[in-house]
*Asks:* 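This is the structure I want to talk about, given as structure tokens.
All ligand and atom numbering here is 1-based and tracks the order in the structure.
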Amino acid sequence: MTADIYEPVINIKGIGPGRGGLLGNLGIFTVNDALWFFPRRYEDRREICKISALKEGLSSVVAARITSVNCKRSFRTGTHICLCEAEDGTGTVSIVWFNRKGLNNILKQGMSIAIFGLPSFCDGKIEFSNPDFEVVKNKSDVESFSGIVPVYPSTAGLPVRWFRKFMCKVLEDHLPLVPEYLPQGIMEKRSLQSISEALWGMHRPDSEERWKDSRKRLAYEEFLFLQTVLVLRKERLKRSHEAAKITPDGYYYLSFMDSLPFELTASQKNVFAQIFKDTKNGHPMSRLLQGDVGSGKTVIALGLAAAGADAGIQTAIMAPTEVLAEQLYSQTQKFLSPSGISCALLKGGQARSERIPLIGSIRDGRTKVVVGTHAMIQDGVEFLNLGTVIIDEQQRFGVMQRGEMLSRGKTSHLLMMSATPIPRTVSVCLFGDMDISLLRERPVGRKKTETRLIDFTKIRDLMQFIINESAAGGRTYWICPRVEDDAENELVSVEKRYAFLKKHLGPLGIGFIHGKMAGNVKNTELEKFRDGTTKVLVGTTVLEVGVDVPEASVVVIESPDMYGLSQLHQLRGRVGRGSRRGVCLLLINMIGDEVAERLKIMLKTDDGFKIAEADFLLRGPGKITGLKQHGAAGFKIADVLRDSELLKYAKEDAEWLISDAPALLNDPGFAKKLEIFRMNGIDASFKA
Ligand code: ADP
Ligand code: MG
């Protein structure tokens, strides 16, 4: 056996091009990819249950002997049906499988099998329908079947049983060969499992405790790599004075301020002061601006861009979606272009004839402000002198992306703006390389958005309310949890709700928008809503971040229990942005007390910081059942909220490595992993 974990999986005996291709669809090309392909959840099959002890509604493992097998094909429907009887000395069960061709060749009378599934009781008989099973020839067959069994996210057409065995084999053959790459001292200090133990424990945990320890090791390592990158960057920035000098006293900046139709809030003034304190003497600014929805972050971005134009540098403003990029561009057109600053919008699907001159004017420096999505850095757009990078709705980007963004220009200023506050303890670690500014105050004259829970049975009244609202100059967003209908799922779709609302609200003008639409169609729909052609816009959470239509006054959120509180807060932030007061209606349909309690937090406060904290507390400690990540940073395992303690340790350790043990950083194993982390971090967040 060779010790190469980067060996392609198709080199493994028994894997041909067919299965190799299917594995590739899962992103598994090498042995290493397989080792890092983690289960989505686990089934606890540790106890083998006697048939006499089976309980209705409780999934169980039974080990039994087959007493009869009867496989046939229904002539009418063409369905393959295989019926088995089995006994274990305490009772008998019937087992039925549908559409599993070839079972008659596998199952034979007298054979021992293990099954796992949900028993149903009917007329004193116990039946399993389509259970997972394994023919038991020797002890190892029961072992791969019982215990805590991994359930992989999707096997893309590969038989589940085969996949599980494939993973077992990969683990057995290759895990002992995976070399450790974390420094020994750190492993001892933090009592971390070795990498091979941890990978084993993720796939085949023998107890919940073991699994937690394995998860801990992997989460810790993600944090450590992140912190190492951040601390290194901070050190570099601290010594540098080579960024552009930007001051708030030039023509463009002052014209911009003059053109604003409102007074800045005290918070906004304060943030400008913090920004210019850094930039005025060329010290590279690296700042995270956390501001609740509607606190007026865009003005800050525009002001900084205008002052940049005075300093003769270019500014790139990036948004996570095209809809938002489009919207930001219309703001630059409105507030920056009139004084003569040339601005451009880069987006996907632009015609070459349109794009080439734009790219040219960015390269030769004529264009001062470039708005776009992150595709703009991916496409290798060249700037003559990029001096400031601004990232809007940063929470939508991965943490690693900012490194990439900055490695482009020589040394630029960086302003990241985020509307999802995270607890302070977490933000100082995650953004350890940055200064943090807060925009807590909302513009004056803004009325508080009223939030109510309303029951589905009141939908008629709701229609009337929307009609009245439109007559009074307001507009309504209607948020649905999914795009299309899905037989397995009862959640209402945009399509269905749109059809329903059109019947009742058609005369008002109604449109719909979702993430699966082409970019230009999305923009047209949003434009129609913006200019009032449509008064009601049905959509998914594409409407969640950033969209700013001051006339929008009502947001109806269906199935609000599907969202986290911070997400609801974001959605609610779409209304009440102009002079008209906002109303947020959480449309509920038979919810439990616990959910109602949670939603009530939304009624109590409209402070995004408080809501974020409540979200954090409610999420509670993780269970073995799920690995779903929080998404705040695009980590594979780690969860910035749940693992905030680990994050703190990782920060300390990264600082120690860099100041006291730099030799360890250059250890080939560690250095290689750090590099891979850098690449994957960026990759993963681009895909998200
Ligand atoms: P967010 O922080 O959510 O990105 P925006 O920058 O989109 O918020 O601002 C929300 C709305 O408030 C916009 O319509 C904007 O023009 C307006 N606004 C921003 N600053 C002020 C202010 N100081 N006074 C009044 N309105 C303001
Ligand atoms: Mg915004």
*Asks:* Answer yes when D548 and R574 have at least one side-chain N-carboxylate O distance shorter than 4.0 Å, and no when they do not.
*Replies:* no
*Asks:* Could you please spell out the steps behind the side-chain contact (heavy atoms from CB on, under 4.5 Å) verdict for M434 and M416?
*Replies:* CA-CA 10 Å; M434 312 194 73; M416 300 202 304; 3.3 Å; yes
*Asks:* Under 4.0 Å between a Lys/Arg side-chain N and an Asp/Glu carboxylate O for E558 and R497?
*Replies:* yes
*Asks:* I'd like to check which ligand 1 atoms, numbered from 1 as shown, lie under 4.0 Å from a non-hydrogen atom of T298.
*Replies:* 4 (O), 5 (P), 6 (O), 7 (O)
*Asks:* Please classify the Q268 to ligand 1 contact at 4.0 Å (heavy-atom distances, strictly less than): side chain, backbone, both or neither.
*Replies:* side chain
*Asks:* Between ligand 1 and A419, can you find any atom pair, the residue atom being a heavy atom, that is separated by under 4.0 Å?
*Replies:* no
*Asks:* Are L505 and M463 packed together at the side-chain level, in the sense that at least one heavy-atom pair is separated by less than 4.5 angstrom?
*Replies:* yes
*Asks:* Taking only heavy atoms of V293, which atoms of ligand 1 are found under 4.0 Å from at least one of them?
*Replies:* 3 (O)
*Asks:* Near S295, which atoms of ligand 1 are under 4.0 Å from a heavy atom of that residue?
*Replies:* 2 (O)
*Asks:* In terms of the angle between their ring planes, are F512 and Y498 parallel, tilted or perpendicular, with boundaries placed at 30° and 60°?
*Replies:* tilted
*Asks:* Does only the side chain of T265 get under 4.0 Å from ligand 1, or the backbone, or both, or neither? Count heavy atoms.
*Replies:* both
*Asks:* Near E263, which atoms of ligand 1 are under 4.0 Å from a heavy atom of that residue?
*Replies:* 22 (C), 23 (N), 24 (N)
*Asks:* Residue-level breakdown please: for L264 versus ligand 1, do any non-hydrogen atoms fall below 4.0 Å on the side chain, on the backbone, on both, or on neither?
*Replies:* backbone
*Asks:* Output yes when R580 and E469 qualify as a salt bridge under the 4.0 Å nitrogen-oxygen rule, no when they do not.
*Replies:* yes
*Asks:* Aromatic contact between Y253 and F276, with the criterion being ring centroids under 6.0 Å apart: yes or no?
*Replies:* yes
*Asks:* Look at ligand 1 and say whether G291 reaches it with a heavy atom at a distance under 4.0 Å.
*Replies:* no
*Asks:* Hey, does F262 come in under 3.5 Å of ligand 1, counting only N/O atoms on both sides?
*Replies:* no
